[in-house]
Amino acid sequence: MAIDIEKIRQDFPILKKEIYGKHLVYLDNAATTQKPRCVVDTIVNGYYDCNANIHRGVHFLSQQATEAHESARKTVQQFIHAQHAHEIIFTRGTTEAINLVAHSFGISQCNDGDEIIISQMEHHSNIVPWQLLQQIRNIRLRVLPFDKKGVLQIDQLENLINEKTKLIAIAHVSNTLGSINPVKQIVQIAHSHNIPVLVDGAQSTPHTPIDVQDLDVDFFAFSGHKIYGPTGIGVLYGKEKWLEAIPPYQGGGEMIQKVSFEKTTFNELPFKFEAGTPDYIGSTALATALNYVSEIGIDNIAHYEHELLQYATNKLSQIEGIRFIGESEHKSGLISFLVGNIHPYDMGTILDKLGIAVRTGHHCAEPVMKAFDIEGTVRASFALYNTTEEIDILAAGIERVAKMFRR
Ligand code: PLP
C-alpha cells in the first residue's frame, strides 16, 4: 500500500509552521519526531477527562485511568510482539530502560572481573550506564568495532566472548551512521554461549517492524518520543525469566507488596519495576502513537522511508565535496555528512536560517566521531511525513552553504 503523504502531513500541525519566513523542513527525526493530532488529543483529553492516580483507587476515574494505562501496556506488547503484557515495563525512555538493566542485571548477575560487550557505535546511553556499574562491580567493557563504512565487524564477536562475558548490549540501528545491525545473528551467537542480549531499539522501533520473540532478544528498549509519541515515556521489554531474576531498580510506591520497617516484599511483574506514580497519560498517548503507526503500517513506513533514503543519497552525492559518514548497505533513513572543511555547526546554522532543521555535533556518540577523527557531522534524519521535495530543498540549501564557503 502506498503512503498517502498529503493526508499524513495534515495529521501533524507543526509541519505547517514557518521558520524565518520559510516553510519548516523538519529533518531531525532521529532526535525526536513530531506528534500527530491524535497523540496530542489523547494527552489533552487524558488530563481534561480521565485524570486520577492509577492502581490504588476504588473510584470511577481511577479505574478508568488504570484501564487506559494497562491497555496501553497491551498495545505495546502487541506492537513489539512480546509474549506477555507483564514483560513490558514503562520507563522514561530508552536511557532509563538501559540504566535499569545496567543496575538491576549488573548488581545481581555480574561479579568483579566479568565482562559486558557493547559496540563502537553505541549512543552514550548504552555506554555510560555500564561505566556507572563499574563503580559498583569491577566489570570490563569490551567493544565490538565497525569498519570504514560503519558496518559492525561481526566476525570479531566470537573473539570478544569468553566465560566472563555476562551480557551483550547493542544498538539495533546507529543514530549516527544509520547502520542496521544484524541483531538476530548477534543474539544467535550470544545464546550459543548462554549470554543474554540487550538491544537498544531507540532508532529501529519507529522505522521497522519489531518482533522481540522472533529476534529472541532478552531485553529491548525504545523511546516514545522517537515514534510520534510523547516525551518522558518509553519501554523496557524483558523476557519474563530475566525480569523475575533481577531485583527492582527503584524503591517506592506501587512496586511493593508489603512494607514494614523490618522487611519489604516486592510486587509482581511488571509493577516491581515501576516505582512511584507512572506516566499514565504518557503511556496512553504512546499507545495512540503506536496505533497510528500500525494503521499506516510499519512495513509501509519502512518501505517509504527507504525510498526517501535512496533519493536523498543520490541527490546529496551530487554535491561537490560531500562526504558521507556511515555507508553501510543496510541503512535506516538517516544521512550523516560533511562538506569540504565546512564546520557542521556552520552548515546547521545556515540551513536553519533556510527553515531546514538538521542536527549537528557528535550526536551523543563521541566514540564514532573518534573513529572517523572528526568533531561532528550534520545529520538529516527522515520520518514518514518527509517528502522528496523536502530533500530537494535540503540539497539546494547545502549547495548554497557550500558556495558561500567556496567563495
Ligand atoms: N539510543 C539511541 C541509539 C538513540 O539514538 C537515543 C537518542 O537519540 C537514545 C538511545 C536515548 O534515547 P532517549 O534520550 O529517548 O532516552
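Keep in mind that the numbers below use all heavy atoms, side chains included, and drop hydrogens, waters and symmetry copies. Whatever order the structure lists them in is the order used to number ligands and atoms, beginning at 1. For the single chain, residues carry numbers from 1 onward in sequence order.
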Kindly write out the residues that satisfy side-chain hydrogen bond (donor to acceptor under 3.5 Å, both in side chains) with T94, not counting sequence neighbours, or none if the list is empty. S223
When the ring planes of F90 and H69 are compared, do they come out parallel, tilted or perpendicular, using 30° and 60° as the limits? tilted
Evaluate the ring planes of F271 and H55, with Trp represented by its six-membered ring, and classify them as parallel (under 30°), tilted (30 to 60°) or perpendicular (over 60°). perpendicular
Show your reasoning for whether side-chain hydrogen bond (donor to acceptor under 3.5 Å, both in side chains) applies to N386 and N29. CA-CA 10 Å; N386 289 125; N29 295 288; 3.1 Å; yes
Between D200 and ligand 1, which residue portion shows a heavy-atom distance shorter than 4.0 Å: side chain, backbone, both, or neither? side chain
At less than 4.0 angstrom from any non-hydrogen atom of Q203, what atoms of ligand 1 do you find? 3 (C), 4 (C), 5 (O), 8 (O)
Would you please classify the geometry between the W242 ring and the F219 ring as parallel, tilted or perpendicular, with 30° and 60° separating the classes? tilted
Could you tell me which atoms of ligand 1, counted from 1 in the order shown, lie closer than 4.0 angstrom to a heavy atom of S125? 1 (N), 9 (C), 10 (C), 11 (C)
Checking heavy-atom distances from atom 6 (C) of ligand 1 to each of H363, H123, R92, H172, the winner is H123
Looking only at distances, can you tell me whether any N or O atom of E96, backbone or side chain, sits closer than 3.5 Å to an N or O atom of ligand 1? no
Shortest reach to atom 14 (O) of ligand 1 by a heavy atom, considering only T95, N175, T231: T95
Could you label the plane-to-plane angle of the F220 and H172 rings as parallel, tilted or perpendicular, counting under 30° as parallel and over 60° as perpendicular? perpendicular
Tell me the protein heavy atom at minimum distance from atom 8 (O) of ligand 1, and give that distance in Å. K226 NZ, 2.6 Å
Closer than 4.0 Å to some heavy atom of S223 - which atoms of ligand 1 meet that? 12 (O), 13 (P), 15 (O), 16 (O)
